[in-house]
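Each remark here refers to the structure printed beneath this line.
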Amino acid sequence: MASPRSFVWTRWVFLAVLTVFVLVPVYVMISSSLKPLQDVSGEFRWIPSGLTIRPYFDIWETVPLAKYFVNSLIVAGAATVFSVIVAVFAAYGVSRYRFRGKRVFTVTVLSTQMFPGILFLLPLFLIYVNIGNATGIALFGSRGGLILTYLTFSLPFSIWMLIGYFESVPRELDEAATVDGCGPLGALFRVVVPAATPGIVAVGVYSFMTAWGEVLFASVMTNDTTRTLSIGLQSYATQNDVYWNQVMAASLVVSVPVVAGFLLLQRYLVAGLTAGSVK
């Protein structure tokens with residue numbers, strides 16, 4: 001049965017409005033990044049009078065953007081790897097074995113997402129400082145401390161999501177792997193992990209995006225050496241001026257890894273989120 005004509009027109013109008021709502025900010029960013037600073041600082045024009053790619057070269061000289069880029073890649077990448085590894089083992093144990101306190105553990109893991117991150121800022125700061133004073137291990141102001149911080153926030157949701165996905169994998173696959181001579185770890189890596197690839201990819205993307213764009217903890221837990229992109233972009237604002245064209249250009253450049261990764265893993269991400277949402 002064909003849809004009513006009014007419904008079709010309403011759908012197209014809604015999609016057109018939504019498309020404009022999404023694309024207009026992107027157009028403003030791109031056009032502003034291609035303007036000289038005096039044009040960006042003045043009255044905004046939808047059609048630029050002159051275009052230049054100079055801001056895309058200046059962003060690397062005005063601030064040490066390359067160093068911030070490397071710091072963000074290391075921190076976000078390491079937090080993602082550790083989060084996925086720990087979540088896979090924890091979720092497999094919860095989904096495949098029965099033990100006392102299993103339900104309490106899963107509820108506790110999920111309940112940690114109810115608290116805003118700012119509540120943990122001062123406690124983590126004090127813990128890192130005290131550990132550094134007692135053991136000499138520099139967690140405050142280091143990449144390792146920031147990786148550990150992001151791990152504490154992405155890991156609970158990652159575990160909870162993979163529990164639901166692993167439970168959708170038939171246990172008969174584990175039993176078949178056991179018959180073939182595999183132990184628990186063999187069944188995990190040879191059977192369950194390949195079957196749960198979409199869910200693992202979704203967890204990895206979530207962990208990476210959480211660490212890549214985080215601002216609050218990065219502003220407190222880093223210094224000039226370990227500063228990440230989310231904080232480094234603030235350096236384009238000085239006491240005398242704000243380099244708006246370079247801010248827009250840098251924002252577009254730093255979004256490339258996330259956009260490219262999402263496009264490459266979109267198929268797995270959608271499948272993983274859909275499967276994990278039904279549990």
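At a threshold of 4.5 Å between non-hydrogen side-chain atoms, the residues Phe217 and Thr152 do not count as touching. Proximity of Leu229 to Leu65: side-chain heavy atoms (C-beta onward) are separated by under 4.5 Å at one or more points. Put simply, the side chain of Leu148 does not reach to within 4.5 Å of the side chain of Phe82, judged on heavy atoms. Ser158 places a side-chain heavy atom less than 4.5 Å from the side chain of Tyr206. Looking only at side-chain heavy atoms (C-beta outward), Glu214 and Thr149 stay at 4.5 Å or farther from each other. The shortest distance between side-chain heavy atoms of Tyr68 and Thr222 does not fall below 4.5 Å.
The salt bridge (Lys or Arg N to Asp or Glu O under 4.0 Å) pairs that include a residue from residues 225-238 are Asp224-Arg227, where partners are two or more places apart or lie in different chains.
The number of heavy atoms from other shown groups lying within 6.0 Å of CD1 (Ile118) does not exceed 12. Heavy atoms from other residues, nucleotides or ligands lying under 6.0 Å from CZ of Phe153 number more than 12. For Phe57, the CZ atom is loosely surrounded, since the number of other residues' heavy atoms within 6.0 Å does not exceed 12. In this structure, Ile53 places its CD1 atom where only 12 or fewer heavy-atom neighbours from other residues, nucleotides or ligands lie under 6.0 Å away.
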Show me the donor-acceptor pairs within less than 3.5 Å that the side chains of residues 185-195 make with the rest of the protein, sequence neighbours left out.
none

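The aromatic rings of Phe208 and Trp212 lie parallel to each other, their planes meeting at an angle below 30°, with 60° marking the opposite boundary.
To the nearest 0.5 Å, atoms OG1 (Thr52) and NZ (Lys35) are separated by 13.0 Å. Going from atom CD1 of Ile74 over to atom OG1 of Thr228 covers 12.0 Å, rounded to the nearest 0.5 Å.
Scanning for side-chain contact (heavy atoms from CB on, under 4.5 Å) contacts around Tyr97 gives Tyr92, Pro184, with sequence neighbours left out. Looking at residues two or more places apart in sequence or on another chain, you find a side-chain contact (heavy atoms from CB on, under 4.5 Å) between Leu122 and Phe125, Leu126. Residues satisfying the side-chain contact (heavy atoms from CB on, under 4.5 Å) criterion with Thr135, sequence neighbours excluded, are Ile131, Ile137. Listed by chain and number, the residues in a side-chain contact (heavy atoms from CB on, under 4.5 Å) with Ser251 are Met29, Leu233, Val247 (sequence neighbours excluded).
Shown here for Ser142 and Thr226, the closest heavy-atom pair between the two residues is CA-CG2, 4.0 Å. Considering every non-hydrogen atom in both Gly141 and Asn223, the closest pair reads O-ND2, 3.2 Å.
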